[in-house]
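What follows is a short report on a single structure.
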Amino acid sequence: MAGMTGRVTGTVGPGLVGEVIIRIRGGAEHFLAYPALDERDRIPIGTVVTVVEHLPPRTVYVTTAYAT
């Protein structure tokens, strides 16, 4: 899953358990999400993110896919 992109559906940030939706296995699935890097800012809903690490079964660590 590392390297796949998804979209934030629940704000990701320090001290928060966020949520992302990722297209996988012919559909789209929701995963709990945490910031991968030492990101001090929140990643808002709608932001495109890249999966850095996957912890089975449904947890991912993400970073923003595009610099703003």
Side-chain angles (χ1 to χ4, degrees):
M1 289 211 30
M4 297 185 82
T5 58
R7 187 167 304 273
V8 175
T9 57
T11 304
V12 177
L16 299 174
V17 179
E19 183 182 62
V20 296
I21 189 167
I22 300 170
R23 291 191 171 275
I24 186 168
R25 294 187 278 269
E29 298 184 20
H30 289 267
F31 291 84
L32 298 178
Y34 295 93
L37 305 174
D38 187 25
E39 294 188 38
R40 291 176 175 80
D41 296 328
R42 293 180 176 193
I43 304 173
I45 294 172
T47 304
V48 176
V49 293
T50 300
V51 175
V52 174
E53 185 176 356
H54 173 236
L55 298 176
R58 307 218 48 91
T59 302
V60 291
Y61 286 83
V62 298
T63 189
T64 55
Y66 309 110
T68 56

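The model shown is predicted, which means the values in this text are computed figures rather than measured ones. Numbers here simply count residues along the sequence, with the first being 1.
- A salt bridge (charged side-chain N to carboxylate O under 4.0 Å, His left out) check over residues 13-26, counting only residues at least two apart or in different chains, returns the pairs Arg25-Glu29.
- Taking Ile, Leu, Val, Met, Phe, Trp and Tyr as hydrophobic and joining them when side-chain heavy atoms fall under 4.5 Å apart, one finds Ile45 isolated, its cluster having no other members.
- In the hydrophobic clustering, Tyr34 connects to Val17, Leu32, Leu55, Tyr61, either directly or through intervening members, whenever side-chain heavy atoms lie under 4.5 Å apart.
- For residues 7-17, no pair satisfies salt bridge (charged side-chain N to carboxylate O under 4.0 Å, His left out), with sequence neighbours left out.
- The shortest side-chain heavy-atom distance between Thr9 and Val20 does not fall under the 4.5 Å cut-off.
- Within the 4.5 Å cutoff, side-chain heavy atoms of Arg42 are placed close to those of Leu16.
- When all heavy atoms are compared, the tightest approach of Thr5 to Ile22 is O-CG2, 3.8 Å.
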Inset, instruction - Determine, step by step, whether Val62 and Thr50 satisfy the side-chain contact (heavy atoms from CB on, under 4.5 Å) criterion, reporting the C-alpha distance in whole Å, the side-chain angles of both residues, the deciding distance to 0.1 Å, and the verdict. - result: CA-CA 5 Å; Val62 298; Thr50 300; over 6 Å; no
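- Under the side-chain contact (heavy atoms from CB on, under 4.5 Å) criterion, Val52 pairs with Ala36, Thr63, sequence neighbours left out.
- Under a hydrophobic-cluster definition in which Ile, Leu, Val, Met, Phe, Trp and Tyr are linked whenever side-chain heavy atoms come within less than 4.5 Å, directly or via other members, Val60 and Ile21 are assigned to different clusters.
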* **side-chain contact (heavy atoms from CB on, under 4.5 Å) between Thr59 and Phe31, worked out** => CA-CA 6 Å; Thr59 302; Phe31 291 84; over 6 Å; no
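- Taking each heavy atom of Pro14 and Pro35 in turn, the nearest pair found is N-CG, 4.2 Å.
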